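As a basis for the values below, the full set of heavy atoms in this structure was taken, side chains included, without hydrogen atoms, waters or symmetry mates. Only a predicted model underlies this, so the values are computations on that prediction, with no experimental measurement involved. Throughout, protein chains are lettered first and strands after them, A, B, ... in sequence-line order, and every chain is numbered starting at 1.
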There are 2 protein chains.
Amino acid sequence: MLSKKTKYALHALTYLGKHREEGAIAIHDISEEHGISHKFLENILLELKKAAMLGSKKGKGGGYYLIKEPSEIPLSKVIRLLDGPIAMLPCVSLNYYEPCDECKDETTCGIHRVMIRVRDETLKILENKTLEDILKE
Amino acid sequence: MLSKKTKYALHALTYLGKHREEGAIAIHDISEEHGISHKFLENILLELKKAAMLGSKKGKGGGYYLIKEPSEIPLSKVIRLLDGPIAMLPCVSLNYYEPCDECKDETTCGIHRVMIRVRDETLKILENKTLEDILKE
DNA sequence: ATAAACCCTATTTTATTTATAGGGTTTATA
DNA sequence: TATAAACCCTATAAATAAAATAGGGTTTAT
């Protein structure tokens with residue numbers, strides 16, 4: 001299951017995408033729209049900014065805005081940033097690999113093999129679907 | 001990520017599958033093989049039994065054993081039993097549906113739509129891959 | 001008889017997620 | 001140039017969920 005953090009991030013990005021023409025959008029506007037605590041959302045937006053998905057403008061009238069085309073923000077990137085691994089097992093994670101400590105030999109583990117397939121199919125979707133796809137109804 | 005409970009369950013089923021000819025297998029044998037706490041594993045095996053995947057035999061020489069062909073135990077069933085939903089969002093779960101409380105309208109939510117696709121592709125694998133597939137190397 | 005194993009319920013521990021708190025810095029604009 | 005609006009940072013608390021432990025009762029093969 002995706003964490004609330006990730007869900008909030010996706011909703012925030014969607015909101016920023018929809019209001020892209022209006023320049024910087026205040027945290028407040030987004031947090032009210034989706035009933036997210038202002039401070040919690042702030043942390044998330046900062047992470048998105050550090051990851052070069054968002055830009056920000058300080059001072060009165062400031063806020064956040066997309067600095068990439070929605071088509072250039074794959075969902076996989078957002079999920080990995082806020083949630084970590086997409087894979088169902090650490091031993092098949094591409095970005096957060098760790099051996100499973102229950103498993104003796106990865107190369108002969110049948111569970112491992114199946115989970116690689118699940119990972120690949122999931123990534124096929126999440127790396128190709130972008131914010132743009134979410135924006136269009 | 002799959003919980004340890006699910007991983008333990010899969011390993012236990014695999015072990016039981018491999019030693020199917022030997023009749024009832026004691027918890028102890030499995031917990032030693034995979035370094036799982038005896039009591040914790042016991043809980044898991046009981047759940048698997050309640051779900052009609054395992055049978056058990058009491059008394060000296062007793063233990064657990066598969067009561068289905070490995071080909072009749074899809075991985076989706078094991079995961080759902082121990083971990084709950086397979087979907088990435090409650091609002092797209094087939095077996096554990098709940099509305100997302102951040103989301104105003106499910107029918108127009110782009111995130112919802114993508115996650116249905118992820119769910120379907122994941123299930124396509126996990127419902128067709130069975131214990132049998134895990135058993136063969 | 002008894003030891004081995006099943007069966008059950010409750011509690012504790014640990015980790016993770018979610019949220020809050022509080023304050024400092026920057027900057028547009030009146 | 002004061003000030004309000006918004007960014008930025010670190011730390012901590014509260015809530016929830018996962019993992020493990022505890023302890024004891026019941027069944028049954030030998």
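- Note on S3(A): a side-chain N or O is less than 4.0 Å away from OP1 or OP2 of dT18(C).
- The stretch residues 39-57 of chain A touches DNA chain C through K39(A), F40(A), N43(A), each having a heavy atom within less than 4.0 Å of the strand.
- Residues forming a ring-ring contact (aromatic ring centres under 6.0 Å, His included) with Y97(A) (at least two apart in sequence, or on another chain): none.
- If you check residues 8-28 of chain B against DNA chain D, the residues with a heavy atom closer than 4.0 Å are Y8(B), listed by number.
- In this structure, Y15(A) and E33(A) have side chains that are in contact, with non-hydrogen atoms separated by less than 4.5 Å.
- Residues K129(A) and P74(A) fail the side-chain proximity criterion, which asks for heavy atoms closer than 4.5 Å.
- One distance of note links SG of C100(B) with CD1 of I111(B); it measures 8.5 Å at 0.5 Å rounding.
- Of all nucleotides in DNA chain D, those with any atom nearer than 4.0 Å to a heavy atom of chain B start and finish, going 5' to 3', at dA19(D) to dA29(D).
- At a threshold of 4.5 Å between non-hydrogen side-chain atoms, the residues L66(B) and L131(B) count as touching.
- The aromatic rings of F40(A) and Y8(A) lie perpendicular to each other, with more than 60° between the two planes, well past the 30° mark.
- L46(B) has its side chain within reach of Y64(B): a pair of non-hydrogen atoms, C-beta onward, lies under 4.5 Å apart.
- Relative ring orientation between H11(B) and H34(B) is described as tilted, the plane-to-plane angle lying within the 30° to 60° band.
- With salt bridges taken as basic N to acidic carboxylate O contacts below 4.0 Å, none links E42(A) and K49(A).
- Contacts of residues 80-100 of chain A with DNA chain D (heavy atom under 4.0 Å): none.
- No continuous path of ILVMFWY side-chain contacts below 4.5 Å connects L2(A) to I86(B), so the two sit in separate hydrophobic clusters.
- Between the side chain of N128(B) and the backbone N or O of K124(B), at least one donor-acceptor pair lies under 3.5 Å.
- Taking hydrophobic clusters as Ile, Leu, Val, Met, Phe, Trp and Tyr residues chained together by side-chain heavy-atom distances below 4.5 Å, L89(B) shares a cluster with L123(A).
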So what's the dot-bracket for DNA chain D: Watson-Crick or G-U pairs under 3.5 Å, [ ] if a pair crosses, | if it pairs off-strand? ||||||||||||||||||||||||||||||
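- Linking Ile, Leu, Val, Met, Phe, Trp and Tyr whenever their side-chain heavy atoms come within less than 4.5 Å leaves Y96(B) and L126(B) in two separate clusters.
- Per the geometry, NZ belonging to K58(A) stands 13 Å off C1' belonging to dA28(C), to the nearest Å.
- At a threshold of 4.5 Å between non-hydrogen side-chain atoms, the residues M53(A) and I67(A) do not count as touching.
- M1(B) and M88(A) fall into different hydrophobic clusters, where Ile, Leu, Val, Met, Phe, Trp and Tyr side chains are chained together by heavy-atom contacts under 4.5 Å.
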